[in-house]
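Structure, as structure tokens:
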Amino acid sequence: MTENNQTPFIEDNDQTRARREHLERIQQLTGNAYPNKFRRTNLTTSAEGEDTITSVVAQFKHHEPPRAEGQRPTPEQLEAANAALKAFGDVRVSGRLAVPPRVMGKAAFVHLSDGRERLQIYVRRDDVQQLNHRGRTLDGWELFSLLDHGDFIGVEGFLFVTKTGELSVHVREFEFLAKALLPMPDKMHGISDPEIRQRQRYADLIAGSLKIDRDEEGGAGQAHELTTREVFERRSKIIREMRAFLDERGYIEVETPMLTPIASGAAARPFKTHHNALDIDLYARIAPELYLKRLVVGGFERVYELNRNFRNEGISTRHNPEFTMLEFYCAYMDVNGMMDLCEEMIKRVVNTVCGGLQVQFNGRSIDFNNFKRLTMKQAIVSCLTIENSENPLTAEMLNDPAVVYGLEKRLLELEGEPYPLDIEQEGGSVNDQIRGRLNLINFNELAKTTISSPQLPDPEEIGRKIEFLFERIVEGYFIGRLEQPVFITDFPKPVSPLSKASPDDPSVAERFELYIAGMECANGFSELNDPVEQYERFREQGQARERGDEEAMQMDTDYVRALAYGMPPAAGIGIGIDRIVMLLTNRRSIRDVILFPHMRPAAPKVEEAAANETAESANEQAGGQGA
RNA sequence: GGGCCGAUAGCUCAGUCGGUAGAGCAAGUGGCUUUUAACCACUGGGUCGCAGGUUCGAGUCCUGCUCGGCUCACCA
């Protein structure tokens, strides 16, 4: 038996010991427990060009006689089905043992899985005792007895339907293909610990493919919960559909640098690294935006990139340090055209992937038929005037600096008041109470207040305050208003340094963000293409940075220079793919739609830690010798 | 970073008031040639996340720590 310290990645317990012993005996019996290939037949139509369990099930499952619950098919039905199946001849398929072998004396049933579908095989001792196994004759029944849940085998035999009516392969020959030295998860429960599911996605995927689901609750037409595999298959489909949508419209897909000397194009803290040969610091990109617009300058009228961005910020159910973004740019289009295009694209993707425009997410129904559009000021107002019809706040009133200042002051006062607030109110959380109090503000009074601020209202400051009010009131207390798809438009110019100002109102940018289920899913605008103004905006950002705003955008003089060659009017957008996938797979955490999400390293076990330490000191010694 | 919750056999989970560590599945042995969450009998399997403390005695109570989940804050 293998010493445990030679395989530190395998725990030593009764399960793994049994599997190792089986492996040794298989090795002796077959001469090679890890063969290089298995040839499958090609009776079915499949993309793979050979028979998979999925393709065999897809093509032959319909031969199973219709049977009522708990009823067995009649002998006549079986005879007809088996006669039909026999005509197809022998099939060779392979897969993982999806269950522990059910051995009944001198015959056995096992299910094989190819990761998607499962197919039952039937093995009789008398059929395989003289087994031709890769050129040598051996006792196939003995080999079969050494199989464990999770092993890979290839089988050859004829298709038939069992007495209970299940499509199966009656095995004549089989080959051992690979061993599972680690025990499989519980066949009924799978893996429930989210930590293991995310750290060891392979185990999660295996567990999903091996799990026996009795689909009892499928009666009311309820869409079943997607398996992990189905989530990622759907993710792939979403991305494929988006690419197709853009390709059809003449967009060119490009790849721009992931490692950049300046992390710009968004407001976020970057990851920093160092290039040794050039001896310069580089930053993992936080957005491809400025490179893509250089390409618009260069004559790519329609261009897109679908790839990863990296932001050195918090991790949450909606944030992963690396996330996938689709950005595309279209020359001669403005922000309104881009909203139309975005809406059209998302509708098509949703419809194709989910088979309709009503999608269940987190217990709510999202209606993708209807994308609303609200200016940022309208959105704020819509939260505050519901119960206050005699004293309505209007979007126009938010043009008055006194109202903006007064509202901010009142909001901060309300938030500063200790719990419980002094108004008489039965129950309700602090947030409920603040919501209630916000509705009771006398907006007409606010309009009459004088600004106590020493200096005259600075338009820049007002813009930031409006965004602050939006974030606090709409995104905070009234996030439910952003549940159905809604474009929030007319962002304040000071917080939108890459956007063109609105021709109607120089204080706002032609910019939008798309909110769905309270999540920010997309951000787009009419691209600022005046190099002089862009230079000034970057300088203002630089000043904000000096004032301590770590996230103010970095100046990129080469980008400004590119604009100086002339960029046509254009609109661009960034769409957060992970969040779209969350919406369309009904997953509440971004970690459930990213195969290998970032997590804090698990605490090493005692022996592992010791092993790592010796490895590290060995490395250090080697490094010291080299230097 | 704050709050709440969780970590017990390979997996899923019980474990009462502080008094010898439990079940199902999985594993091992035997039986069974159309089963299907196969079945029947027997057997083995534990650093109770880690480190301290209280106690005659800790899976259980206390403190600290690690990892995770939810949530708030942060984050265009």
Side-chain angles (χ1 to χ4, degrees), chain A residues 10-19 21-22 72-73 78 82 98-111 118 120-127 141 148-150 160-166 168 170 180-199 203 207 210-214 265-269 286-287 311-319 321 429-431 467-468 470-471 475-476 488 491-492 495-499 511-513 515 520 522-523 525 550-553 574 576 588-589 591 599-607 609:
Chain A
I10 302 175
E11 307 83 32
D12 185 41
N13 57 48
D14 61 328
Q15 317 273 319
T16 56
R17 272 193 295 275
R19 284 165 184 265
E21 282 165 16
H22 292 167
R72 291 190 168 199
L78 288 179
N82 286 329
V99 288
R102 287 193 298 276
V103 182
M104 298 165 302
K106 298 179 182 64
F109 285 96
V110 196
H111 281 88
R118 41 173 56 217
Q120 183 169 259
I121 62 167
Y122 175 57
V123 182
R124 285 200 310 207
R125 188 188 68 173
D126 293 351
D127 294 339
W141 192 242
D148 287 302
H149 188 197
F160 77 112
V161 171
T162 64
K163 282 181 181 169
T164 55
E166 180 170 346
S168 308
H170 188 125
L181 285 172
L182 290 168
M184 295 295 113
D186 187 290
K187 64 186 174 188
M188 296 311 296
H189 303 95
I191 298 176
S192 69
D193 183 348
E195 188 173 348
I196 299 175
R197 294 180 63 152
Q198 289 161 15
R199 283 191 203 281
L210 303 188
K211 195 169 168 185
I212 297 169
D213 50 358
R214 298 208 280 172
R269 283 161 57 188
I286 56 176
R311 298 188 183 178
N312 200 346
E313 290 169 350
I315 293 178
S316 78
T317 46
R318 291 183 302 282
H319 298 86
S429 65
V430 180
N431 281 1
E467 199 205 21
F468 172 81
F470 174 77
E471 285 177 1
E475 283 193 288
I488 302 296
F491 273 58
V495 299
S496 312
L498 301 172
S499 315
R511 172 180 171 194
F512 67 86
E513 284 187 357
Y515 284 84
E520 187 198 323
N523 177 17
F525 36 88
E550 272 189 58
E551 309 234 315
M553 208 174 285
R588 254 190 299 175
S589 172
R591 287 187 286 275
M599 298 175 85
R600 201 180 289 277
K605 289 176 185 165
V606 180
E607 313 115 59

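By convention in this document, chain letters (A, B, ...) are assigned in the order of the sequence lines, proteins followed by strands, and residues within each chain are numbered from 1.
- If you take atom P in B/C67 and the same atom in B/C62, they sit 22 Å apart, rounded to whole Å.
- Within the model, atoms CD1 of A/I315 and CZ of A/R591 stand 7.5 Å from one another, a figure rounded to the nearest 0.5 Å.
- Taking the C1' atoms as reference points, B/A37 lies 13 Å from B/A26, given to the whole Å.
- Here A/E467 lies out of heavy-atom contact (under 4.0 Å) with every strand.
- A/R19 CZ: more than 12 foreign heavy atoms inside a 6.0 Å radius.
- The gap from the P atom of B/U54 to that of B/G59 amounts to 16 Å, rounded to the nearest Å.
- When distances are taken from the side chain of A/D126 to each of B/A26, B/U33, B/C32, the shortest belongs to B/U33.
- Counting non-hydrogen atoms under 4.0 angstrom, A/R600 reaches the backbone sugars and phosphates but no base.
- Comparing the same atom, P, in B/G52 and in B/C48 gives a spacing of 13 Å after rounding to whole Å.
- Shown here for A/S496 and A/R511, the closest heavy-atom pair between the two residues is OG-NH1, 2.9 Å.
- The interatomic distance linking A/D186 (CG) with B/A37 (C1') rounds to 10 Å, in whole Å.
- Rounding to whole angstrom units, CZ of residue A/R199 and P of B/G69 are separated by 8 Å.
- When heavy atoms are screened at a 4.0 angstrom cut-off, A/N13 is found touching the sugar-phosphate backbone but no base atom.
- Regarding A/M184, its CE atom lies at a distance of 14 Å from the P atom of B/U12, rounded to whole Å.
- Rounded to whole Å, atom P of B/C13 lies 17 Å from atom NZ of A/K187.
- Listed for the A/H170 side chain is no donor-acceptor partner under 3.5 Å among the backbone atoms of A/V123.
- Within the 3.5 Å criterion, the main-chain N or O of A/F491 finds no donor-acceptor partner in the side chain of A/E467.
- Taking a pair to require two hydrogen-bonding distances under 3.5 Å in either a Watson-Crick or a G-U wobble arrangement, B/C32 remains unpaired.
- Going from atom CG of A/N82 over to atom P of B/U34 covers 15 Å, rounded to whole Å.
- Residue A/V99 is out of contact with every strand shown, counting any heavy-atom pair closer than 4.0 Å.
- Considering all non-hydrogen atoms of both residues, A/F525 and A/F512 come closest at N-CE2, 4.3 Å.
- As judged by a 4.0 angstrom heavy-atom cut-off over every strand, A/F491 is placed among residues making no nucleic acid contact.
- With B/U35, B/U71, B/A27 as the candidates, the nucleotide lying closest to the side chain of A/T317 is B/U71.
- Nearest-nucleotide assignment on RNA chain B puts the 5′-proximal partner with A/G165, out of A/G165 and A/P497.
- Nucleic acid contact for A/H149: none, since no nucleic acid atom lies under 4.0 Å from a heavy atom of the residue.
- With both pairing distances under 3.5 Å, B/G6 is matched to B/C67 as a Watson-Crick or G-U wobble pair.
- Taking atom CE on A/M104 and atom C1' on B/C39, their separation rounds to 10 Å, with Å as the unit.
- Comparing B/U12, B/C32, B/G69 against the side chain of A/R591 picks out B/G69 as the nearest.
- Contact check, A/R102 against B/U35: no side-chain N or O comes under 4.0 Å of OP1 or OP2.
- When distances are taken from the side chain of A/E195 to each of B/C75, B/A27, B/G68, the shortest belongs to B/G68.
- At a cut-off of 3.5 angstrom, counting only N and O atoms as typed in the model, there is no donor on one side facing an acceptor on the other between the side-chain of A/D193 and the base of B/G69.
- The base of B/U35 lies outside donor-acceptor range of the side chain of A/E166, with no N or O pair under 3.5 Å.
- Taking side-chain N and O atoms only, A/K163 has no distance below 4.0 Å to OP1 or OP2 of B/U34.
- Using atom P as the reference point in both B/A14 and B/A23, the two lie 16 Å apart (nearest Å).
- To the nearest 0.5 Å, the span separating OH on A/Y122 from OG1 on A/T162 amounts to 10.0 Å.
- Atom-to-atom, CD1 of A/I191 to P of B/G69 comes out at 15 Å; the value is rounded to the nearest Å.
- Between A/A266 and A/A287, the shortest heavy-atom distance links the atoms CB-CB, 4.0 Å.
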Measure all distances between protein nitrogen or oxygen atoms and nitrogen or oxygen atoms of nucleotides 28-30 of chain B, and list the pairs falling under 3.5 Å.
from	atom 1	to	atom 2	distance (Å)
B/G28	OP1	A/H22	NE2	3.2

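- In terms of polar N and O atoms assigned as donor or acceptor, the side chain of A/H189 never comes within less than 3.5 Å of the base of B/C11 in a complementary pairing.
- Pairing of B/G1, defined by two Watson-Crick or G-U wobble distances under 3.5 Å, is identified with B/C72.
- For B/G69, one of the phosphate oxygens OP1 or OP2 lies less than 4.0 angstrom from a side-chain nitrogen or oxygen of A/Q198.
- The same atom, P, is picked in B/G64 and in B/G1; the two are 15 Å apart, to the nearest Å.
- Minimum heavy-atom separation, A/P497 to A/M553: CG-CE, 3.7 Å.
- Between B/U33 and B/U20, the two P atoms lie 45 Å apart (nearest whole Å).
- With rounding to whole Å, A/R125 atom CZ is found 13 Å from B/U34 atom P.
- The two residues A/T16 and A/P183 come nearest to each other via the heavy atoms CG2-CD, 4.0 Å.
- Of all the heavy atoms in A/I286 and A/A268, the pair that sits closest is CD1-O, 3.9 Å.
- At a threshold of 4.0 angstrom between heavy atoms, the contacts of A/R72 are confined to the sugar-phosphate backbone, with no base atom among them.
- Using atom P as the reference point in both B/U16 and B/C11, the two lie 22 Å apart (nearest Å).
- Between the side chain of A/S192 and the base of B/U12, no donor-acceptor pair under 3.5 Å is found.
- Comparing A/G105 and A/P185 by the nucleotide of RNA chain B that holds the closest heavy atom to each, the one mapping nearer the 5' end is A/P185.
- For B/G59, there is no paired base (Watson-Crick or G-U wobble, both distances below 3.5 Å).
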